[in-house]
Amino acid sequence: MLLSIVIPVFNEEAVLPSLLASLLPVLSSINYDYELVFVDDGSQDGTRQQLTAMAAANSHIKVLEFSRNFGHQAAITAGLDFASGDAVVVMDADLQDPPELLPEMLHAFEQGFEVVSAQRITRDGEGVFKRSTAAMFYSLMQKAVDKRLKPQVGDFRLFSRAAVQVLRRFREQHRFMRGIVAWLGLKEAIIPFHRAPRAAGTSKYPFWKMAAFAWTAISSFSALPLKLSLYGGLITLMIGFFYSLKVIYEALTSSYTDQTWSSLVCLQLCFNGIILVAIGLIGEYVAKIYEESKGRPLYVVADAMNIGPHIAIPDRIGWLCADNPKPTKTQSETFSRQNGIPADAVTGRNT
Ligand code: UDP
Ligand code: MG
């Protein structure tokens with residue numbers, strides 16, 4: 001049986017050596033053959049060189065290099081597209097998703113679960129702000145997107161081959177993998193774990209990226225914002241109607257008193273604001289339809305290593321590499337020397 005591990009990476013040069021050093025012993029302790037599918041999401045630091053060296057040293061390491069930063073969700077998509085395992089695990093590069101959980105996840109997979117999700121029961125090393133915004137995010141998502149979404153479950157999950165094949169059929173541009181998984185209704189096992197702080201480097205998810213991610217999640221999975229603007233419109237219409245009745249009544253009973261222009265200006269501004277927000281929301285959805293209708297690739301692969309010469313390139317991707325280049329041996333030797341990792345660990349002679 002083959003286990004694929006999909007790892008999206010963006011500027012992770014600081015953490016890659018410790019990732020490999022933690023992951024490989026776990027992989028050698030389990031009864032599966034393995035492949036690591038690294039997806040370099042347009043890194044600007046030394047990540048690319050490190051991955052090239054790792055792939056040269058260990059043929060179990062597949063690498064896809066994006067032409068630029070396409071985002072975490074696109075990188076996961078690419079990894080799933082090119083993973084060939086019987087079971088496929090998606091995990092972050094920063095060791096916040098502990099490799100030690102793999103045997104337990106595989107055990108659940110062997111029991112027949114199609115998806116095995118790791119649930120964060122603690123989140124050490126994350127500030128109050130990140131934890132509270134994350135809690136808000138999960139509760140909002142459950143209400144707005146899908147009540148089947150599991151709280152505190154990120155992208156650290158194992159999928160059966162059948163589940164991966166179904167996931168590959170989702171070729172939408174604005175992706176929220178957790179929503180897709182919830183929507184599918186796969187037979188799911190949950191494994192709780194303690195989320196450690198990042199092993200090295202800094203978070204690649206600043207606040208603005210998290211906010212954009214939350215908006216993608218809501219707007220690509222639910223029409224709730226449109227419904228809210230409709231309800232808001234109906235409520236203001238009712239208020240306007242009853243207020244007009246009051247004005248007419250006062251005019252008829254001659255108790256009408258002039259209310260000055262300022263109240264009119266306030267009303268005008270409020271209603272204009274509401275209308276513009278509503279138009280903006282509709283615009284967001286129209287823009288999504290427009291982008292989807294162009295049918296652009298979900299990501300562009302500029303370079304690939306150890307993918308295999310006869311891969312079937314999936315639908316809706318850009319493929320810039322003519323063949324499957326093999327990096328030189330010298331690069332792998334330099335990598336193990338520079339990072340103090342035994343050559344055996346890098347070459348993966350444990351299989
Ligand atoms: N990542 C990525 N593309 C991005 C941002 C992040 O591939 O645009 C990767 C990153 O390298 C890491 C994973 O996604 O492996 C999760 O990112 P990070 O750990 O920075 O997020 P956090 O845990 O802080 O939410
Ligand atoms: Mg992280």
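In each ligand, atom 1 is the first atom listed, and ligand 1 is the first ligand listed. For the numbers below, each heavy atom of this structure counts, side chains included, while hydrogens, waters and symmetry mates do not. Predicted model only: the values in this text are computed from it and were never measured. Residue numbers count from 1 along this sequence.
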Engineer: Using a cut-off of 2.8 Å, find all protein N, O or S atoms closer to the Mg ion (ligand 2) than that distance.
Structural biologist: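 Protein N/O/S atoms under 2.8 Å of the Mg ion (ligand 2): Asp94 OD2, Gln96 OE1.
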Engineer: Can you list every pair that meets ring pair (Phe, Tyr, Trp, His ring centres under 6.0 Å) and has a residue in residues 139-161, with sequence neighbours left out?
Structural biologist: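 Of all non-adjacent pairs touching residues 139-161, those that pass ring pair (Phe, Tyr, Trp, His ring centres under 6.0 Å) are Phe156-Phe193.
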Engineer: Run through ligand 1 for me and note each protein residue having a heavy atom under 4.0 Å from it, chain first, then residue number.
Structural biologist: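 The 4.0 Å shell around ligand 1 contains Pro8, Val9, Phe10, Glu12, Asp41, Asn69, Gly71, His72, Asp92, Ala93, Asp94, Gln96, Lys130, Arg195, Arg198, Ser203, Lys204, Tyr205, Lys209.
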Engineer: With Asp92, which of Arg198, Arg195, Lys204 fulfils salt bridge (Lys or Arg N to Asp or Glu O under 4.0 Å)?
Structural biologist: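 The passing option is Arg195.
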Engineer: Report yes or no: is the cationic atom of Lys187 (NZ for Lys, CZ for Arg) under 6.0 Å from the centre of the six-membered ring of Phe113, at an angle within 45° of the ring normal?
Structural biologist: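 Here Lys187 passes the 6.0 Å and 45° test against Phe113.
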Engineer: State whether Phe66 and Arg68 meet the cation-pi test: NZ (Lys) or CZ (Arg) under 6.0 Å from the six-membered ring centroid, and within 45° of the perpendicular axis.
Structural biologist: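 Pair Arg68/Phe66 does not count as cation-pi.
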Engineer: Look at the side chain of Asn69 and the backbone N and O of Asp41, then say whether any donor-acceptor pair between them is shorter than 3.5 Å.
Structural biologist: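 Yes; judged by distance alone, with no hydrogens or angles, the pair exists.
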Engineer: Taking Phe170's backbone N and O only, do any of them form a donor-acceptor pair with Arg175's side chain (distance below 3.5 Å, no angle check)?
Structural biologist: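 Looks like yes, one N/O pair under 3.5 Å.
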Engineer: Looking only at atom types and distance, does a side-chain atom of Glu188 sit under 3.5 Å from a main-chain N or O of Val116, one as donor and one as acceptor?
Structural biologist: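 Absent.
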Engineer: Holding to side-chain contact (heavy atoms from CB on, under 4.5 Å), I want the full list of residues that pass it with Leu224, two or more places apart in sequence or in another chain.
Structural biologist: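 Leu224 satisfies side-chain contact (heavy atoms from CB on, under 4.5 Å) with Ala144, Ser222, Leu228 once adjacent residues are dropped.
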Engineer: Say whether, by atom type as modelled, one donor and one acceptor occur between the side chain of Trp319 and the main chain of Cys321 under 3.5 angstrom.
Structural biologist: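 Yes, Trp319 side chain to Cys321 backbone: donor-acceptor pair under 3.5 Å.
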